[in-house]
Protein chains: 2
Amino acid sequence: MRITPREELEYRIKKLQSYMAEADIDAVIVAQNADLFYFTGTIQSGALYVPATGEPIYMVRKDLMRARMECGLREVVPFASMKDIPGILSNYGYGLPARIGMELDVMPVNFFVRYRAVFPAADYVDASPLIRRVRMVKSKYEIHLLQDSATQVDKVYRRAREVIREGMTDLELAAELEFVARKEGHQGLVRMRAFNAELFYAHVFSGSDSAVPAYVDTPLGGLGLNPSFGQGAGLKRIERNEPIIVDFAGCVDGYLTDQTRVFSIGDISDRMKKAYDDMLKVQQRMTEVALSGTPWGHVYDVCRALAVELGYADSFMGAKGAQVSFIGHGIGIEIDEYPFIAKGFSEMVLEPGMVFAFEPKVVLPGEGAIGIENTFYISNYEGLKQLTFSDQELISL
Amino acid sequence: MRITPREELEYRIKKLQSYMAEADIDAVIVAQNADLFYFTGTIQSGALYVPATGEPIYMVRKDLMRARMECGLREVVPFASMKDIPGILSNYGYGLPARIGMELDVMPVNFFVRYRAVFPAADYVDASPLIRRVRMVKSKYEIHLLQDSATQVDKVYRRAREVIREGMTDLELAAELEFVARKEGHQGLVRMRAFNAELFYAHVFSGSDSAVPAYVDTPLGGLGLNPSFGQGAGLKRIERNEPIIVDFAGCVDGYLTDQTRVFSIGDISDRMKKAYDDMLKVQQRMTEVALSGTPWGHVYDVCRALAVELGYADSFMGAKGAQVSFIGHGIGIEIDEYPFIAKGFSEMVLEPGMVFAFEPKVVLPGEGAIGIENTFYISNYEGLKQLTFSDQELISL
């Protein structure tokens with residue numbers, strides 16, 4: 001268990017404040033767990049008030065003692081009701097903010113309405129793009145956490161080599177791998193920011209089940225156990241000569257990495273093998289273009305063009321009709337962070353410190369899905385570095 | 001895997017429509033996964049449009065084919081953008097609604113703003129209280145699912161008897177129990193409605209760690225593995241003569257049950273044993289008052305009064321300063337459904353079909369926590385029935 005160092009938190013807040021100045025925002029109120037963890041080091045129930053200049057105030061409803069232990073910021077104060085907020089601000093000599101940033105992409109309407117009643121005269125803007133821009137550039141401290149997370153996911157991969165056997169269900173395999181991850185300190189919870197986005201550890205599925213489209217915004221979906229949560233492993237039995245996808249999110253001290261490897265019992269078809277090699281080529285192409293200064297959308301365009309050239313116009317990043325318009329996603333505390341290696345996004349460019357998962361995959365209906373995924377970061381001096389490190393060969397057992 | 005029968009869905013929609021009539025709402029748009037699953041039988045990405053009278057329309061972005069397989073409703077149609085909605089309504093002869101109900105307790109502001117642009121002239125009201133009132137009364141079909149869920153959680157309990165040993169960490173125990181649940185078909189994901197509410201399977205912790213307060217709205221919290229998700233099992237080692245709490249949520253086909261049992265290696269203190277027996281008395285008292293027609297708050301008041309009388313004014317439902325003001329919570333697709341067995345709530349009464357978890361617990365700081373939890377339902381003719389059924393004895397191993 002690590003406690004986020006004070007210098008980390010202070011640096012993050014300062015960066016947010018600099019973006020707030022650009023956007024002419026007087027105060028940002030941070031309330032959502034992932035953002036709260038990033039800026040305070042904990043998620044004890046409450047809200048962080050970040051003024052345009054000066055010390056942020058972490059107002060905590062429950063549990064104050066733990067917040068004081070886990071949060072490195074100087075000002076951690078009790079608060080019982082939103083009505084207390086103006087009084088707390090006044091104690092710190094802060095006036096009422098005229099323009100307030102809030103996390104409008106995740107904050108429920110009713111919750112927002114209660115805040116608005118506290119500052120009825122204020123204007124409100126969405127602070128999430130600012131917060132996400134701060135969060136997208138990782139510090140050395142965060143890279144260390146991500147490296148530990150990559151080690152965890154490698155242990156999962158090694159375990160998959162040991163336990164996969166003919167006739168076991170996808171669910172049994174998923175359960176074995178989750179068990180390993182958990183014993184290695186995985187917090188269980190995998191955070192995703194988008195409304196209704198839910199994820200559980202991983203997508204583990206074999207053969208035809210790996211080609212089933214789903215509601216989730218991912219290239220592969222899976223049938224899942226039931227329509228209540230129709231993604232990931234189901235009760236299909238693993239057979240010989242079909243791809244077995246192990247797409248797994250490691251998580252250490254709140255930080256996620258994402259890796260996909262493909263296994264099989266016996267050989268898979270030549271068509272499948274070629275598709276795997278082709279996805280390695282797409283990954284290789286990405287490593288050549290994903291340089292600091294390159295627009296996110298350009299990386300997508302170049303890699304997508306190569307996939308099309310290789311013959312996967314209708315199968316790249318999903319079955320025909322269910323294709324997604326991204327190949328990679330930023331990752332850290334949430335699995336859908338900036339940057340998006342996605343269609344459009346011609347304005348936003350890659351920067352040192354950015355971390356993203358890149359997952360070129362194809363779906364061959366009836367047969368199954370295949371591809372690879374690794375988590376990368378852009379280092380300060382050495383260009384693109386790969387965080388996840390398990391063997392990249394197709395594993396034939 | 002069960003597919004929700006059409007008659008179930010139609011009955012649920014009709015009930016919602018009757019509440020809409022009372023509240024003078026022209027249409028409800030259902031978008032959140034738990035509600036969507038309840039009213040459509042699936043969660044394929046999209047929204048369900050429920051008019052005041054007539055057929056509901058499930059508009060699906062992705063994946064339409066799966067939605068048609070998994071959803072028993074008649075009208076399942078494709079939709080690419082919110083702008084398509086008025087056209088779809090017009091195809092069905094539905095006019096533009098003047099007063100629209102949406103799930104304002106869970107819907108993010110930005111999402112709501114996009115809907116508002118589709119119906120700029122409409123008034124908006126929070127439909128969640130209506131939806132929650134429909135969902136709080138379970139059908140026979142749902143009770144069957146809950147019974148399967150209770151069987152799953154009993155297997156977890158039995159496994160705990162086998163694997164608990166001195167020196168293992170709380171995390172190791174949690175991992176073993178999660179492994180069993182998963183192999184028994186647990187979907188992994190445990191849904192909770194409240195903003196920022198996150199839960200992972202269970203709260204498993206021993207001795208002093210079971211008495212650590214946390215940010216979560218639960219009587220016990222636990223330290224967890226890290227401040228990013230500071231609840232549940234941590235790395236404390238299990239010792240002799242201390243309580244080991246196994247608070248576990250079973251989940252079958254989307255339906256949750258909640259059960260807590262307490263184990264120990266060797267004896268626990270007489271004070272702890274007495275506290276356990278006293279919590280059984282509180283549970284017994286609940287079963288005498290939780291009858292159809294009783295206000296939810298009355299059940300709380302009576303049981304809380306008994307706990308105070310037995311000497312637990314400062315330790316009941318949490319450590320002093322971190323006590324929660326409920327003893328039970330409705331449960332089904334989410335773990336925080338109606339009814340709340342909580343302070344206040346003098347207007348809402350228990351009804352046949354309601355399902356709730358009841359969890360009288362005390363926290364003795366330094367020593368640990370103790371108590372019991374079962375999931376109950378109010379049957380049509382036989383009064384209160386207990387769904388979870390593991391042995392209620394303190395288990396001394």
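Lettering of chains follows the sequences in order, A, B, ..., and the numbering in each one begins at 1.
- Both the backbone and the side chain of A:Ala31 come within less than 4.5 Å of a heavy atom of chain B.
- Only the side chain of A:Arg191 comes within less than 4.5 Å of a heavy atom in chain B; its backbone stays farther off.
- For the atom pair CZ (B:Phe112) and CZ (A:Phe112), the distance works out to 10.5 Å, reported to the nearest 0.5 Å.
- In the model, A:Gln32 has no side-chain atom that pairs as donor or acceptor with a side-chain atom of B:Asn196 under 3.5 Å.
- Of the listed residues (B:Leu225, B:Asn33, B:Val113), the one with the most heavy-atom contacts under 4.5 Å to chain A is B:Asn33.
- Taking both residues in full, the closest heavy atoms of A:Pro108 and B:Phe195 are given as CD-CD1, 3.3 Å, listed atom of the first, atom of the second, then distance.
- The most heavy-atom pairs under 4.5 Å with chain A, out of B:Gly230, B:Ser228, B:Ala322, come from B:Ser228.
- Put simply, of B:Met107, B:Glu198, B:Met65, B:Arg2, the one with the most heavy-atom pairs under 4.5 Å next to chain A is B:Glu198.
- Looking at A:Pro227 and B:Met1, their side chains come closer than 4.5 Å, going by heavy atoms from C-beta outward.
- Side-chain N or O atoms of B:Arg182 include none that pairs as donor or acceptor with a backbone N or O of A:Glu176 at under 3.5 Å.
- If you measure heavy-atom distances from A:Tyr201 to chain B, the contacts under 4.5 Å come from the side chain alone.
- Contacts between A:Gln187 and chain B at a heavy-atom distance below 4.5 Å involve backbone atoms as well as side-chain atoms.
- Taking chain B as the reference chain and counting heavy-atom pairs below 4.5 Å, the highest number among A:Cys71, A:Ala214, A:Gly224 is found for A:Ala214.
- Here A:Asp336 pairs with nothing under the side chain to side chain donor-acceptor pair (under 3.5 Å) rule; sequence neighbours left out.
- In terms of heavy-atom pairs under 4.5 Å with chain B, the best-connected choice from A:Ala233, A:Pro213, A:Ser45 is A:Pro213.
- At a 4.5 Å heavy-atom cutoff, A:Glu103 makes no contact with chain B through either its backbone or its side chain.
- No other option in A:Leu104, A:Val190, A:Asp63 has as many heavy-atom pairs under 4.5 Å with chain B as A:Leu104.
- For the options A:Leu189, A:Ile3, A:Thr42, heavy-atom pairs under 4.5 Å to chain B are most numerous at A:Leu189.
- Ranking B:His186, B:Lys183, B:Glu70, B:Arg66 against chain A, the residue ahead of the rest is B:Arg66, based on heavy-atom pairs under 4.5 Å.
- In this structure, no portion of B:Leu235 lies under 4.5 Å from any heavy atom of chain A.
- Per-residue heavy-atom pair counts under 4.5 Å with chain A were compared for B:Gly254, B:Gly321, B:Gly232, and the maximum is reached by B:Gly254.
- For A:Leu36, no part lies under 4.5 angstrom from a heavy atom of chain B.
- Heavy-atom pairs under 4.5 Å with chain B peak, among A:Leu64, A:Val180, A:Leu223, at A:Leu223.
- The two residues B:Asp253 and A:Asn226 come nearest to each other via the heavy atoms OD1-CB, 3.2 Å.
- For chain A, the option among B:Arg61, B:Glu178, B:Glu172 with the highest count of heavy-atom pairs below 4.5 Å is B:Glu178.
- Heavy atoms closer than 4.5 Å to chain B are found in the backbone of A:Val216, but not in its side chain.
- A:Tyr215 touches chain B through backbone and side chain together, each having a heavy atom under 4.5 Å away.
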### Message
One pair to check against side chain to side chain contact (heavy atoms under 4.5 Å, CB included): A:Val324 and B:Lys62. What are the steps and the verdict?
### Response
CA-CA 11 Å; A:Val324 298; B:Lys62 188 188 177 203; 3.9 Å; yes

